[in-house]
Amino acid sequence: MKEDGNEPTVLDVRVDPEDRSYPVVVAPGLLEQLGTKLRQWHGSGSRVALISDENVMALYGSVARGALEREKWGVLPLVVAPGEASKSPKVLLDLVDDMVAGGLTRQDTVVTLGGGVVGDLGGLAAALFMRGIPFVQCPTSLLAQVDASVGGKVAINLPSGKNLFGAFHFPAAVLVDPQVLSTLPDRELGCGLAEMLKHGALFSPGHFEDVVGSAEAVYERQPVELARLVAASVALKADCVSRDPREKAMMEGGRILLNLGHTVGHAIEAASGYELLHGEAVGLGLLAAAHISVARGFATRGLEGVLERALERLRLPTDLERWLAGDRGEAVERALVSDKKRGAGTITYIGLEALGRPRVTKLRGDEILRLLRCAGAAC
Ligand SMILES: NC(=O)c1ccc[n+]([C@@H]2O[C@H](COP(=O)([O-])OP(=O)(O)OC[C@H]3O[C@@H](n4cnc5c(N)ncnc54)[C@H](O)[C@@H]3O)[C@@H](O)[C@H]2O)c1
């Protein structure tokens with residue numbers, strides 16, 4: 001891996017060992033090269049559906065479009081409203097209809113330019129249009145750059161739950177330009193930092209320390225630091241999804257581990273009425289995982305303090321106890337009990353023996369809350 005942040009870092013993500021892989025390329029200013037990169041990856045096509053949201057299209061649509069048109073790609077721009085509400089069946093069908101009306105064919109390509117919402121939605125449109133056409137991810141939020149754009153999971157939400165209608169549709173390539181993070185609001189940046197911290201907590205104590213130590217440089221949007229950290233974090237996720245591309249295994253080392261912090265995180269996110277952003281709730285979920293791991297006796301006391309201090313440095317919430325008592329606690333418990341990953345009343349829960357040593361365990365929703373409340377000395 002190159003260390004100076006200006007040379008592109010190219011990572012290979014395997015899909016199936018015997019099948020194919022796709023590149024994830026990280027470098028500042030890469031969006032300007034979208035047209036030439038796409039030519040390398042997809043020499044034969046001639047048209048692109050450029051899917052984005054209103055915010056990102058206004059900021060980077062002309063850079064992306066210019067880069068494509070310089071290389072003679074015909075561009076069909078498709079814009080959705082920003083926010084989670086766009087991951088809906090109606091918006092998905094409208095997008096696919098617009099692709100049909102715009103005359104796109106099986107030889108053409110979808111490029112998603114945006115955060116995780118655009119990547120998930122546009123990726124699913126690419127998976128379904130004419131039974132599937134190639135797509136390239138250009139993630140523009142930190143969370144999408146280090147997490148959502150890599151791994152091939154694409155989905156929309158149903159009234160019954162998040163990401164319930166989706167597919168595995170692996171991108172032809174992922175093009176990560178950390179320079180676009182200069183316009184990302186601080187709170188959204190914090191959400192990406194929470195996922196980076198998760199990658200470190202799961203797979204690399206060194207990355208965990210690096211993310212914590214570099215948090216201020218990230219908030220200052222120092223380009224070289226951003227490129228280095230994003231490449232390091234995405235490499236950890238890429239390694240994990242290459243081991244288990246379709247989340248088939250309940251194995252140690254498989255994709256299931258990426259749920260660290262997400263069981264309690266999703267429950268708190270839902271109970272907050274989405275007052276907390278996803279990454280902020282995941283940060284609290286990571287803290288919860290440390291408490292539960294200590295309470296269950298597979299981590300030594302002190303891990304909770306390490307997580308709490310890390311979250312503080314990343315400017316993320318640490319007030320876990322606020323979500324365990326009273327009406328909020330009941331709402332979190334209801335959300336945990338209806339967690340979609342439960343089986344026969346239990347949840348596959350990811351804990352930590354230590355930084356870099358994840359542990360897969362089974363817990364009931366009410367047990368998770370009991371362990372957390374005891375850890376907070378409220379029992
Ligand atoms: N597929 C996966 O593996 C996976 C993994 C994690 C999360 N996700 C999904 O990702 C979604 C969350 O993604 P997100 O946090 O990126 O949210 P998002 O896509 O809603 O983006 C957050 C906000 O930042 C804005 N934005 C994005 N890039 C910007 C930039 N460079 N400058 C200024 N504003 C910018 C967006 O317009 C939006 O308002 C969720 O729907 C979640 O389910 C998917």
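We count ligands from 1, going down the list as the structure has it; atoms in each ligand are counted the same way. Positions are given from 1, in the same order as the sequence printed here.
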- Query: Between the side chains of Thr105 and Asp108, does any donor sit under 3.5 Å from an acceptor?
  - Reply: yes
- Task: Start with the C-alpha gap between Lys237 and Glu195, add the side-chain angles, then the distance that decides, and say whether salt bridge (charged side-chain N to carboxylate O under 4.0 Å, His left out) holds.
- Result: CA-CA 10 Å; Lys237 166 135 189 194; Glu195 300 288 354; over 6 Å; no
- Item | Name of the residue among Leu31, Asn55, Asp177 meeting side-chain contact (heavy atoms from CB on, under 4.5 Å) with Tyr60 | Leu31
- Query: Which residue from Ala81, Gly114, Ala148 reaches closest to atom 4 (C) of ligand 1 through any of its heavy atoms?
  - Reply: Ala148
- Task: Please report which non-hydrogen protein atom sits nearest to atom 6 (C) of ligand 1, along with the residue it belongs to and the distance in Å to one decimal place.
- Result: Asp147 OD2, 3.6 Å
- Please indicate whether any nitrogen or oxygen in Thr140 is less than 3.5 Å from any nitrogen or oxygen in ligand 1. yes
- Would you check if Val174 and Pro23 make a side-chain contact, meaning some heavy-atom pair closer than 4.5 Å? no
- Candidate list Phe135, Phe129, Tyr22, test ring-ring contact (aromatic ring centres under 6.0 Å, His included), partner His169, passing option: Phe135
- On the ring face of Phe203, is Arg243 found with NZ or CZ under 6.0 Å from the centre and within 45° of the axis? yes
- Within-4.5 Å side-chain heavy-atom neighbours: Arg65 and Pro77: yes
- Glu54 contact mode with ligand 1 (heavy-atom cut-off under 4.0 Å): neither
- Item | Contact check, Glu188 vs ligand 1, heavy-atom distance below 4.0 Å | yes
- Run the numbers for me: atoms of ligand 1, each under 4.0 Å from some heavy atom of Glu84, listed by number. 40 (C), 41 (O)
- Note on the structure: If you scan protein heavy atoms around atom 32 (N) of ligand 1, the nearest is Thr183 OG1, 2.8 Å
- What residue and atom, counting heavy atoms only, is the protein's closest point to atom 39 (O) of ligand 1, and at what distance? Asn55 ND2, 3.2 Å
- Among all protein non-hydrogen atoms, which one is nearest to atom 20 (O) of ligand 1, and what is the separation to 0.1 Å? Val117 CG2, 3.4 Å
- Message: Can you report which non-hydrogen protein atom sits closest to atom 35 (C) of ligand 1, along with the distance?
- Response: Leu184 CD1, 3.5 Å
- For atom 9 (C) of ligand 1, which protein heavy atom lies nearest, and how many Å away is it? Asp120 OD2, 3.4 Å
- Task: List the steps and the verdict of side chain to side chain contact (heavy atoms under 4.5 Å, CB included) for His207 and Ser233.
- Result: CA-CA 7 Å; His207 185 61; Ser233 202; 3.3 Å; yes
- Task: Would you sort out whether Glu280 and Arg187 count as a salt bridge (charged side-chain N to carboxylate O under 4.0 Å, His left out), showing the intermediate values?
- Result: CA-CA 8 Å; Glu280 294 170 337; Arg187 256 187 101 183; 2.7 Å; yes
- Query: Which ligand 1 atoms, with their elements, are less than 4.0 angstrom from a heavy-atom of Tyr60?
  - Reply: 31 (N)
- Note on the structure: among protein heavy atoms, the one nearest atom 43 (O) of ligand 1 is Lys87 NZ, 3.0 Å
- Item | From the candidates Leu143, Val150, Ile156, Asn163, the one that places a heavy atom nearest atom 12 (C) of ligand 1 | Leu143
- Note on the structure: Checking heavy atoms under 4.0 Å, the part of Val154 that sits near ligand 1 is neither
- Task: Starting from atom 10 (O) of ligand 1, locate the nearest protein heavy atom and write down its residue, its atom name and how far away it is, to 0.1 Å.
- Result: Gly116 CA, 3.3 Å
- Item | Any side-chain heavy-atom pair of Asp120 and Leu124 under 4.5 Å | no
- Task: If the plane angle is over 60° it's perpendicular, under 30° parallel, otherwise tilted; pick one for His278 and His266.
- Result: tilted
- Message: Using a 4.0 Å cut-off to any heavy atom of Leu59, which atoms of ligand 1 qualify?
- Response: 32 (N), 33 (C)
- Message: Test salt bridge (charged side-chain N to carboxylate O under 4.0 Å, His left out) on Arg309 and Glu312; report intermediate values, then the result.
- Response: CA-CA 5 Å; Arg309 284 189 294 280; Glu312 276 165 7; over 6 Å; no
- Message: Is any side-chain heavy atom of Leu197 closer than 4.5 Å to one of Leu311?
- Response: yes
- Check whether any heavy atom of Glu195 sits under 4.0 Å from an atom of ligand 1. no
- Answer yes or no: does an N/O atom from Val56 fall short of 3.5 Å to an N/O atom of ligand 1? no
- Within the structure, does Ser141 bring an N/O atom to less than 3.5 angstrom of an N/O atom in ligand 1? yes
- Item | Where ligand 1 meets Asp53 - atom numbers and elements under 4.0 angstrom, heavy-atom basis | 36 (C), 37 (O)
- Item | Side chains of Asn163 and Lys87, donor plus acceptor under 3.5 Å | yes
- Task: Using distance alone, determine whether Val180 and ligand 1 share an N or O pair under 3.5 Å.
- Result: yes
- Query: Any non-hydrogen atom of Leu181 lying under 4.0 Å from ligand 1?
  - Reply: no
